Amino acid sequence: MKLYYHPLSGHAHRARLFLSLLGIETELVEVDLAARAHKSPEFLKLNPFGQVPVLDDDGTIIADSNAILVYLAKKTAAKDWLPEDPKGAAAVQRWLSIAAGEIAYGPCAARLVTVFGAGFNADEVIARAYLILQHIETALDGRPWIAADQPTIADVALYSYIARAPEGNVDRGAYANISAWLKRVEALPGFVAFQKTEIGIPEAA
Ligand SMILES: N[C@@H](CCC(=O)N[C@@H](CS)C(=O)NCC(=O)O)C(=O)O
């Protein structure tokens with residue numbers, strides 16, 4: 001499979017991480033966001049939204065990180081990663097929605113300000129980040145994974161921007177359950193790290 005990505009995109013890292021966890025051989029195609037290659041006519045044919053990541057599975061084009069996670073789980077019949085029973089599927093979907101909502105508008109947006117110079121109100125997006133981190137901290141109380149007894153694509157979708165939240169000046173120090181969960185994700189066979197920058201505050205231990 002071919003993944004159009006950027007090394008500093010958490011959305012792209014999500015897709016890359018799951019491909020690696022599944023052991024799928026992947027050709028990585030770096031899209032030069034600084035040169036606006038994601039807005040070129042060729043790239044817009046792949047994703048009219050002009051965003052990474054995009055997956056090309058032998059001509060089947062899937063845009064959107066969470067859609068890629070669903071596609072890969074279904075394609076490989078990885079039922080542990082995406083349960084099929086109504087309750088299990090809903091539990092995963094709930095956190096995919098949060099990854100596309102509260103995480104995007106919180107820790108992801110805070111990092112966009114510092115790493116990419118986005119013009120959001122930093123105090124506002126950092127406050128949003130703390131709000132969602134507290135919810136996740138509570139949800140992880142007494143359980144190793146966010147949506148099931150085993151890791152699911154919900155954990156994959158949440159991981160990248162929470163791991164790099166300190167780059168957006170969001171301190172993860174007060175969230176012990178989240179720290180332990182990040183380490184569990186990082187210990188999964190096939191884990192591949194999300195590139196770090198020197199921007200922001202130091203990571204919590
Ligand atoms: N909903 C999309 C969001 C992807 C996204 O925001 N990608 C960013 C990089 S992290 C991007 O390509 N931004 C360029 C733009 O929106 O113009 C997904 O989950 O894949």
Side-chain angles (χ1 to χ4, degrees), residues 1-22 24 26-57 60-75 81-82 92-120 122 124-126 128-129 132 136 146-147 152-170 185 192-197 199-200:
M1 296 196 194
K2 197 190 277 190
L3 183 70
Y4 294 86
Y5 89 122
H6 186 277
L8 294 179
S9 159
H11 289 98
H13 177 258
R14 236 177 240 181
R16 187 179 173 211
L17 173 57
F18 195 43
L19 282 157
S20 184
L21 292 172
L22 293 174
I24 295 173
T26 308
E27 180 192 343
L28 291 175
V29 181
E30 184 169 336
V31 179
D32 189 346
L33 299 183
R36 300 193 59 75
H38 55 308
K39 305 299 179 192
S40 68
E42 301 76 43
F43 191 83
L44 292 174
K45 273 185 215 147
L46 297 173
N47 180 6
F49 282 62
Q51 294 176 328
V52 291
V54 174
L55 182 77
D56 179 348
D57 177 16
T60 299
I61 305 297
I62 310 291
D64 188 274
S65 59
N66 290 348
I68 292 170
L69 300 184
V70 170
Y71 176 82
L72 292 171
K74 294 277 184 193
K75 167 104 190 194
W81 289 100
L82 179 52
V92 168
Q93 180 55 55
R94 179 181 180 220
W95 292 105
L96 293 182
S97 299
I98 286 164
E102 284 86 342
I103 292 291
Y105 304 129
C108 168
R111 187 174 163 277
L112 280 174
V113 172
T114 53
V115 178
F116 292 98
F120 306 131
E124 197 174 308
V125 293
I126 288 171
R128 281 196 210 134
I132 187 57
I136 292 173
I146 197 72
T152 65
I153 58 172
D155 298 283
V156 178
L158 293 175
Y159 172 82
S160 314
Y161 287 116
I162 295 179
R164 292 291 165 272
E167 292 185 355
N169 294 327
V170 175
V185 174
V192 59
F194 180 18
Q195 186 172 309
K196 286 185 185 171
T197 75
I199 296 169

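Counting from 1, the numbers follow the sequence of the chain as shown. The shown structure was predicted, so the numbers you read here are calculated from the model rather than taken from an experiment. Atoms within each ligand, like the ligands themselves, are counted from 1 in listed order.
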Checklist line | With R16 via salt bridge (Lys or Arg N to Asp or Glu O under 4.0 Å) - residues at least two apart | finding: none

Next item on the list: Ignoring hydrogens and angles, tell me if any N or O in the side chain of N66 forms a donor-acceptor pair with the backbone of L96 under 3.5 Å.
Entry: yes

Check: Does the side-chain hydrogen bond (donor to acceptor under 3.5 Å, both in side chains) test come out yes or no for Y71 and D57, once each step is laid out?
Finding: CA-CA 10 Å; Y71 176 82; D57 177 16; 2.5 Å; yes

Check: Do you know which of T152, I103, I146, V156 makes side-chain contact (heavy atoms from CB on, under 4.5 Å) with W95?
Finding: I146

Next item on the list: Answer with yes or no after comparing the ring centroid distance for Y161 and H11 against a 6.0 Å cut-off, counting only values under it.
Entry: yes

Checklist line | L3 to A12 - nearest heavy-atom pair and separation | finding: CD2-O, 4.1 Å

With the criterion set at N/O pairs under 3.5 Å, what does the list of contacts between the protein and ligand 1 look like, atom names and distances included?
from: ligand 1; atom 1: 1 (N); to: D64; atom 2: OD2; distance (Å): 2.8
from: ligand 1; atom 1: 7 (N); to: V52; atom 2: O; distance (Å): 2.9
from: ligand 1; atom 1: 12 (O); to: V52; atom 2: N; distance (Å): 3.0
from: ligand 1; atom 1: 16 (O); to: Q51; atom 2: NE2; distance (Å): 3.1
from: ligand 1; atom 1: 17 (O); to: K39; atom 2: NZ; distance (Å): 2.6
from: ligand 1; atom 1: 19 (O); to: D64; atom 2: OD2; distance (Å): 3.4
from: ligand 1; atom 1: 19 (O); to: S65; atom 2: N; distance (Å): 3.2
from: ligand 1; atom 1: 19 (O); to: S65; atom 2: OG; distance (Å): 2.6
from: ligand 1; atom 1: 20 (O); to: S65; atom 2: N; distance (Å): 2.7

